[in-house]
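Below is one structure; the comments refer to it alone.
In this chain, residues are counted from 1 in sequence order.
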Amino acid sequence: AASFAKGSVENSRLTVFDRDTADGTLTYNSEVEAANGRFVWAEISGDGRHVYAANAVNGGPSAVAVFGRDPGTGTLSFLQDATLDDDPLYVAISPDGLNVYAAPNLTVLARDPDTGLLTAGSTIDDRADTILAISPDGAHVYTIYRTMSTNMFENLSIYNRHLAVDGIGVGGAGFYEEGETVSLSIVGAVDLSRPIQWRKGGVNLVDGGRISGSTTPNLVIDTVEVSD
């Protein structure tokens, strides 16, 4: 049997079931209870070693609760509450395991792949984006915006996701709305005396139009588009 914990839960408890891999039936295994608030969504890391649960606390500090998971038994052990400014309703883990995203008030947190612990991140968008998903290749984050007064889903937002490569990062990388001006800069241990070339999809960028600084440490994209 394979043990797992997944999905939205009730009564402030995160419940673990054993799954029969032959017929898909579930058998109760164990549960953990929220010290405060309620668990409303949970996700398992790709390596199966950690579980992240959105813990909404009315009138108090809400958090993404982090649990260690025993791969053999599926049982959970509490590790951390990564506090947020607003009640999380959804969490999503990037395919590379380096980030956990929470919504609404889209927030990105850095994840340590070894310990599973989260580092406080930044709020990217303070709208009521209540549905959250990450593309399988980890390149994009998708949210759907809900108007609270009408409870209607209205806008789908798409964000590019940027990462450091071989210890060389991109300063200013993050989430941008279409139409904004984006400024990116090279940071890290890189020899700036060597030629620099910014690329998109393996193709060299060239200065002109909305692009400037394509061969310098600082790239500027004016009036950014989703395709960028």
Taking side chain as C-beta onward, heavy atoms only, is [X] less than 4.5 Å from [Y]?
{"X": "Asn55", "Y": "Val64", "result": "no"}
{"X": "Val66", "Y": "Leu118", "result": "yes"}
{"X": "Val141", "Y": "Leu132", "result": "yes"}
{"X": "Val51", "Y": "Leu14", "result": "yes"}
{"X": "Thr223", "Y": "Thr181", "result": "no"}
{"X": "Arg111", "Y": "Leu98", "result": "no"}

With rounding to the nearest 0.5 angstrom, report the [atom1] to [atom2] distance, [X] to [Y].
{"X": "Arg13", "Y": "Glu33", "atom1": "CZ", "atom2": "CD", "answer": "4.5 Å"}
{"X": "Asp70", "Y": "Thr75", "atom1": "CG", "atom2": "OG1", "answer": "4.5 Å"}
{"X": "Gln80", "Y": "Thr115", "atom1": "CD", "atom2": "OG1", "answer": "8.0 Å"}
{"X": "Asn99", "Y": "Thr107", "atom1": "CG", "atom2": "OG1", "answer": "12.0 Å"}
{"X": "Leu26", "Y": "Phe17", "atom1": "CG", "atom2": "CZ", "answer": "6.5 Å"}

Group every Ile, Leu, Val, Met, Phe, Trp and Tyr by side-chain heavy-atom contacts under 4.5 Å, then state whether Ile211 and Val220 land in the same group. no
Please tell me whether Ile144 and Tyr101 are part of a single hydrophobic cluster in this structure, the criterion being side-chain heavy atoms less than 4.5 Å apart. yes
I would like to know whether Tyr142 and Ile134 meet side chain to side chain contact (heavy atoms under 4.5 Å, CB included); could you show each step before the answer? CA-CA 6 Å; Tyr142 299 84; Ile134 304 175; over 6 Å; no
Minimum heavy-atom distance Pro95-Ser135, with the two atoms named: CG-O, 3.6 Å
Which pair of heavy atoms, one from Trp198 and one from Gly213, lies closest together, and at what distance? CD1-O, 3.5 Å
Could you go step by step and tell me if Ser214 and Arg199 meet the side chain to side chain contact (heavy atoms under 4.5 Å, CB included) rule? CA-CA 8 Å; Ser214 60; Arg199 296 181 177 180; over 6 Å; no
Hey, mind stepping through Thr27 and Asp18 against side chain to side chain donor-acceptor pair (under 3.5 Å) and telling me if it holds? CA-CA 5 Å; Thr27 304; Asp18 293 335; over 6 Å; no
Look at the side chain of [X] and the backbone N and O of [Y], then say whether any donor-acceptor pair between them is shorter than 3.5 Å.
{"X": "Arg210", "Y": "Ile221", "result": "no"}
{"X": "Ser45", "Y": "His50", "result": "yes"}
{"X": "Arg49", "Y": "Ile44", "result": "no"}

Examine the side chains of Asp23 and Thr25 and answer whether a donor and an acceptor come within less than 3.5 Å of each other.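 Indeed, the side chains of Asp23 and Thr25 share at least one donor-acceptor pair under 3.5 Å.
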Classify the side-chain pair Asp207/Ser212 by whether it contains a donor and acceptor separated by less than 3.5 Å.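 Not at all, the side chains of Asp207 and Ser212 share no donor-acceptor pair under 3.5 Å.
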Give the C-alpha distance, both sets of side-chain angles, the deciding distance and a yes or no for side chain to side chain contact (heavy atoms under 4.5 Å, CB included) between Tyr52 and Ile93. CA-CA 8 Å; Tyr52 299 85; Ile93 307 169; 3.5 Å; yes
Using the ring pair (Phe, Tyr, Trp, His ring centres under 6.0 Å) criterion, which residues pair with Phe78? Sequence neighbours excluded.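 Partners of Phe78 by the ring pair (Phe, Tyr, Trp, His ring centres under 6.0 Å) criterion, ordered by chain and then number, come out as Phe67.
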Please assess Val16 against Leu76 for the test side chain to side chain contact (heavy atoms under 4.5 Å, CB included), listing each intermediate value before the final yes or no. CA-CA 8 Å; Val16 181; Leu76 305 178; 3.9 Å; yes
